[in-house]
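What follows is one structure encoded as C-alpha cells, with my remarks underneath.
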Number of protein chains: 2
Amino acid sequence: MSVYLHDIPLNQAQAKFQEALQSADLWRVLSVEEIPLDENALGRVTAEPIWAQISSPHYHASAMDGFAVRAEDTVGAQPSSPIQLPITNYELPKAQYVDTGDPLPDWANAVIPIENVESLDENGQITSVIRQPSAVRIRASVTPWSHVRPLGEDIVATQLVLPAGHILRPVDLGAIAASGHQTIKVSRKPKVAILPTGSELVPIGSALKPGDILEYNSLVLASQIKQMGGEATRYPIIKDDFDLICEKVLEASQTHDLILLNAGSSAGAEDFSAKVVEKLGTLLVHGVAVRPGHPVILGTLDRRPQTAVSGQPSVIPIIGVPGYPVSASLTVDIFVEPILAKWLGRKQNELQTEEAILTRKIVSPAGDDDFVRVAVGKVGDKLLAAPLSRGAGVITSLVQADGLALIPSGTQGIDAGEKIQVKLYRTKSEIEKTILAIGSHDLTLDLMAQFLAEKNRRLASANVGSQGGLVALRRGEAHFAGSHLLDPQTGEFNISYIRQYMPNIKVKVVALVGREQGLIVKKGNPKGIKSLGNLSTRSQERDALSSSKRSVQFVNRQKGSGTRTLLDYYLNQLKIPHEYIAGYHQDEYTHLGVATAVASGRADCGLGIAAAAQALDLDFIPLFQERYDLVIPKQFVEFLTPLFDLLTDSRFQEAVSQLKGYDVSIMGTIILEDE
Amino acid sequence: MSVYLHDIPLNQAQAKFQEALQSADLWRVLSVEEIPLDENALGRVTAEPIWAQISSPHYHASAMDGFAVRAEDTVGAQPSSPIQLPITNYELPKAQYVDTGDPLPDWANAVIPIENVESLDENGQITSVIRQPSAVRIRASVTPWSHVRPLGEDIVATQLVLPAGHILRPVDLGAIAASGHQTIKVSRKPKVAILPTGSELVPIGSALKPGDILEYNSLVLASQIKQMGGEATRYPIIKDDFDLICEKVLEASQTHDLILLNAGSSAGAEDFSAKVVEKLGTLLVHGVAVRPGHPVILGTLDRRPQTAVSGQPSVIPIIGVPGYPVSASLTVDIFVEPILAKWLGRKQNELQTEEAILTRKIVSPAGDDDFVRVAVGKVGDKLLAAPLSRGAGVITSLVQADGLALIPSGTQGIDAGEKIQVKLYRTKSEIEKTILAIGSHDLTLDLMAQFLAEKNRRLASANVGSQGGLVALRRGEAHFAGSHLLDPQTGEFNISYIRQYMPNIKVKVVALVGREQGLIVKKGNPKGIKSLGNLSTRSQERDALSSSKRSVQFVNRQKGSGTRTLLDYYLNQLKIPHEYIAGYHQDEYTHLGVATAVASGRADCGLGIAAAAQALDLDFIPLFQERYDLVIPKQFVEFLTPLFDLLTDSRFQEAVSQLKGYDVSIMGTIILEDE
C-alpha cells in the first residue's frame, strides 16, 4: 500500500521543495504591480525601497499663529525695553502675520507666537487687529528658526522612507504620501487554488448522514492564505475520481501560482493526490516526519505548452495537504507561509517565543518534529503550558490553543515540570489575563467563560476531575479548581480532600451551585434503568430481566472525579462490587463525554448531571444532590475579582438557572476561608 | 483667541465622552448582522456566543484504513495463536473493511489497521484482496475504541465553541462550520466619516507651491479605522468655510456612526471645528492635556428629525482631530479605538508593554500625558528606548517608532538611564533582530538599512555625531557607531578617539568607505565660494568681493561630529577664528540637514559630503578625503554577522559606488581588532 509514503525529515522536505522552486526561478518576488496610494494599500508589501521625491515640509513653515520676523531684529528686546517692529511702513517689512503652516516670507527666519506680541495701531496704541496692525511690540528676543518647521524637518528629498519588503501600516501610507508619491509599487498577491477532494465531503451547512464529512478545510486554508497576503480560490468539492482530479488541477494551474490539493494525500485506496502529481509533473516528497500532518505531498506541475507565456515559470508548485483539519492548517503554516513570504518579498511571520513550564508529560515519536498545541497561562510567577488534545481531527484544540510547542525530532518526550519553548498565538498581556481553571468539569464553566470574556478575561479550563484539580492547585498550575468530592466518612463536600491534597495552602472555598447527579440514559430509557442497582450483572441475573433489558453497559468517569467518588460511595452502601458493573473501567473525562457515549450507543447509561442529558436530548434519572465548589488558593483571590463579581451578577445566575438541575441559591456562599 | 481651548486631563476627557455616549445609549454593540460563513468573516467579531449545533464527528468514525471489529472478539489473539474473523459467512459479520473517516458499523467498537491483519480467501489462503476477503487473521487483541474517533471527539453538540466578542481567525471559521453553522452573527462594522478641512490642503500627488499642504491625514485615519474593524469614508477636501463645513458634517451624519473632522480644531482664526460642533450639537471637550494632540474636540451632533428612525440613537459623536499628522494618528488611537471596540463588542487592542532603559533625557510638561515615540533595541542584555523626534508634524517618527512611551501627567520628565514602560509596536523577536547604529550619519546607512532588511535585520540609526556615537558605545547603547574623527596630532582617523572615549572596551574597527568632504553650495555657486578661506568675514573684506558675493552664511555640523572636527582642523591650519565664520554656531545633525539648509536658502554653504549635495541637486566643491569607519565593540561582532556579510557583498558595494564621492575599495578593511 505504502508505495509512495516514505517520511523524510521536515527540514529536508522544506529544502527539497525550495531547491525545486529555485531551479524553476520561483524563489523570488513573483511580480510587481503599481497601485494607487489609498486604504487598499494597507497590508501590501513594498516591492522596492521608497525614496523621498520631495521634502516635507517642502518650505519653511510657521509652526504657530504669529508674526514672522528676523531674529537679528529682535536682539535686545526685554520686558523693560521692548522693540517695535513695523509692518506696513517699510519697503522691507520687519514683521508679517502668519498662520500655522504658512510659508515664512523669504526675509524672515523666526516666528513670534501671537500671544507674545502686542499689536499696535498707527498711533502706537494697542489694538485688537490681528493680521494687519501697524506694528508689533515685543518684549523678548527670539533665536533664529524658533517656531519654524524648517524645510525637510520630517522628510528630506532622496532619503529612504521605507525599505522594500515592508508590510504597509497606516502611518507608512502617510509618510509615502508626504514624500511625494501617489502610487506605490507592491508585490503582486500570489494566487492559490484550494481543491477539496473526497467523495465523503459535503458542503458547510449540509444535513449530515453517517460517513459525511463537512468540507471546511478549504475555508480555513483560504482564510490563512488571505491572512498571509495571498489570494485564494476555493474550488467546489471534487469527488474521488483520478481523471476528474487531474482535470481540475490542470484547470487551476492555468490561473494560479500554487495549488493545494486537500486530502487524498495518504496512501489509502482512494488517495489519488500523489498519483495526480506524478502524472502531471514531479513528485518531490511524499510523507514528512512531522506531527500532525505527516502524509504531506510536495511536488511541481509542468506548465502546459498552450499556456506558456515568455518569461513565465515552467512549473507550478503543488502541495498535497492532509485531510485532518489540524494537519491541514499546520501544513499551510509550515509549507505555504515561507513560499508566500518569498513571493511577496516580506519576511516570514514570526510568533513571539516564550519559555513555559509543561504541566503534563508529552510523549512524542523520536523521529518526528511534533507540534503540540498548548494552553498557556500565568499562575503566580510561572508561565505554564498545558498540552491540549493531540488529535489531528480536533480543530477545537487549535481554537483553544494559546501557542504551539515544538518537540523536535530526536526527543522522545518531555516530562511535566520541564521547560519548553512555546510560540505564542496571543500577546503576553492577553495571557496574563487568562484565568486557568482545572478540576471537575461543569457546564456552568462554559457560561462563566462567556461572561468573563465580557470582562476582558479569558477562562481556559482543563478537565482532570476534582482530585486532579486539587493536586494541580498544590503544584501551582491553576488559579482555581472546581470540586465536588463527597467524604464518605463525614458526608461533607470537599473540605477534607482540600486538607489532604493541599496541605499548608491557604484557600478560599466558595459554593458555585447545587446540582443533581443521576443516571443519563437513552431517550425513553429502553433498558428500564431506575437505580444503581439495575447496573449490577448480579442483580440483572437475579431479577431475570428480559434479554433486551439485560447486560446494561455503563460508562464511568475517570478516577479522582467527584462523580466517580459519588458512585463508589453509593455502590459501597449498596454493597455492589465494581466487577459487577459492565463498563466500570471505561472512562470519560466530562459529563458531556458520558452523555455522548450514551447518545452514540457506546453505553446504556452513566452517572452525570441533568444538564448534560438535557444538552444531548437524553433522559435523566435523578439520584443525588451535591455541591459544586470553587477552590481558590488565597494568593489568587485578588486576581479573580472578575470571577467573584460574576457570582453576585444576577444575569449570570439567571443564565445558570436556565440549565436543568441547578440550584443557584447557594452561589457565592463562602464555605471556608483560611486566615 | 482661546475662547474655547481649555485643556482638561485625558482621563476626564475620555470619561466625559463615554458618559455622553452612554446617556445616548451608544455605549454598546451598534447592531448585529448575520453573514455567510466564508473568508469574509475573517476578522469580524462574534456578536453572540456560538454554541455547537451538532457534534463532530457526528458518528463514530474509523481513524484508520482497516477492519472494524468487536474488541471482545479479538481477546486472546497472539502471534502464536491468531484469531480468524470471518467476513462473509455470518449473518452478523465479525469484521468489515472501513476507510479512514467511514462510520463504524453498529455492532463494532474498534478498528484494526489494515497493516495489522492478514486477508484470507475462502480457502484460508492469504490474498491481496483488500475490501472483501473471506476473513481476516489477527495476531493481537485490540482494546475497545482503539483507532476510532468517537462521536463528539472534537465538538459535543451544545458546547460553547466561541464566546461573543471574539475576533474570528481562520481556525475559528473551521470550528464554527464543524459545529453545524453556515452563517454567523457578527457586529456591524461602524461607519466613520473622515472630513478633511483646510483651504491650504491639496490632494496627494499634487504639484506643490509654498503653503500647500498634502492632505494625507484622511488616508492614515481611514486606514487606522479599517485596521480597527470599522468602515471609513474619506470625504474630499473642504475649504475653510463655516457654512460649507456645517453642510458636509450634516451630510455625513446621515449615513455614519462617527464623524472625524480633521484640522481646524485649534483656536486660530480659521479653526471652525468647535463652532461647527456648537452649532450642530454639543461641544463636550475642547482641548485635552495630551501630547501630541492637545487641541482635540469631543462632541455630539443632534440627529436631525428627518432621519430619525425609531430606535436610532438621538446623537452622533464627532471628534475634532488635530491637523498635525502625529497628533491626528494618536488621537484616533486614544479616542476612536475604545469607541470602535465597544461598538464592535470586542476588547480594546492592547500592545505588549515592556520595560526599557531610556537613552536620553525626556523633558515633558508636568500637566500633560505625553506620548513619546521611541526606537527600541536590545543591546547585550539591556532593552533600550531612544526617544525619536517629538515634533507633531514628523510622521516619520511614527514610521520609525518601535513603541510608544507614556510620560504621565504629574511627571516633568525622565532622566537618561531610568526605566520606562514602552508599548511595543513590534514583537520582541523583531526587536531582538534590530541593529542599533549610532554616531555619524552617512547616506550609505540608508542603503545598508535596505540591504539588511533583505536579511531580516532592521537597522535603526540615530545621528549624534562621531564622538556622540563613541560615548553611546561606551554606555552600551548601540551595536556599532559610524565614525570619521581626524586626530589633528597624528593625522589618523578614529583610533585615538576610540581609546579616549571607550577606554577598556575591546573593539573591532572596519573601514566602510573613503569619502570626499567639501563645501555644499547652491547650484551655480552664486557666491563664488572656492575654499574655506572664502567663508571668513575678514577674507571677504580683504578680497573686496562685490556686495552680492559678500556675507557668506555658513551652516555647521553639531559639536562632536567628524565633519566639525575636520572643519576645526583646517580652520586652525588656516588660522581662521570661529567668530569670522557667519553661522558657525548654527548646527545641523546630518549631511542632508546641511544640504537642505543650503537648498532652502537658510545658508549659502556648509561642509558635507558630495552625495548629500547630489541628492538635493546642489553643487559641491571637494576639499578633503576622509575615512568613515564602523566601530564595533567585540561583544557584538557575532550579532553583526549579517552586516559583515554586506561589506563583502558586491551588490552592496555596487550600490554605494553609485553615490557620488565614495571610494568602496577599502570597504571591509580591518583597521583595528583588539584581542
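Reminder, nothing fancy here: chain letters follow the sequence lines and each chain counts from 1.
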For residues 157-164 of chain A, tabulate all N or O donor-acceptor pairs below 3.5 Å that involve a side-chain atom, not counting sequence neighbours.
from: A/Q159; atom 1: OE1; to: A/V156; atom 2: N; distance (Å): 3.0

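- Only the side chain of B/T100 comes within less than 4.5 Å of a heavy atom of chain A; its backbone N, CA, C and O stay farther away.
- A donor-acceptor contact shorter than 3.5 Å links the side chain of A/R169 to the backbone of B/V399.
- The closest donor-acceptor contact from the side chain of B/Q352 to the backbone of A/K428 lies under 3.5 Å.
- Of the two parts of B/Q348, neither the backbone nor the side chain holds a non-hydrogen atom closer than 4.5 Å to a non-hydrogen atom of chain A.
- Proximity to chain A (any heavy atom under 4.5 Å) is shown, for B/R346, by neither the backbone nor the side chain.
- At a 4.5 Å heavy-atom cutoff, B/A597 makes no contact with chain A through either its backbone or its side chain.
- With sequence neighbours left out, A/F451 forms a ring-ring contact (aromatic ring centres under 6.0 Å, His included) with A/F652.
- Proximity to chain A is limited to the side chain of B/L42, based on heavy atoms less than 4.5 angstrom apart.
- Using a 4.5 Å cut-off between heavy atoms, B/L214 touches chain A through its side chain atoms alone.
- B/D154 contributes a side-chain N or O that, together with a main-chain N or O of A/T396, makes up a donor-acceptor pair within less than 3.5 Å.
- For chain A, no part of B/K455 is nearby; none of its heavy atoms comes within less than 4.5 Å.
- Heavy-atom distances place no part of B/P325 under 4.5 Å from chain A, backbone and side chain included.
- When heavy atoms are compared at a cutoff of 4.5 Å, B/D106 does not approach chain A at all.
- The part of B/H181 that comes within reach of chain A is its backbone (N, CA, C, O), which places non-hydrogen atoms under 4.5 angstrom from that chain.
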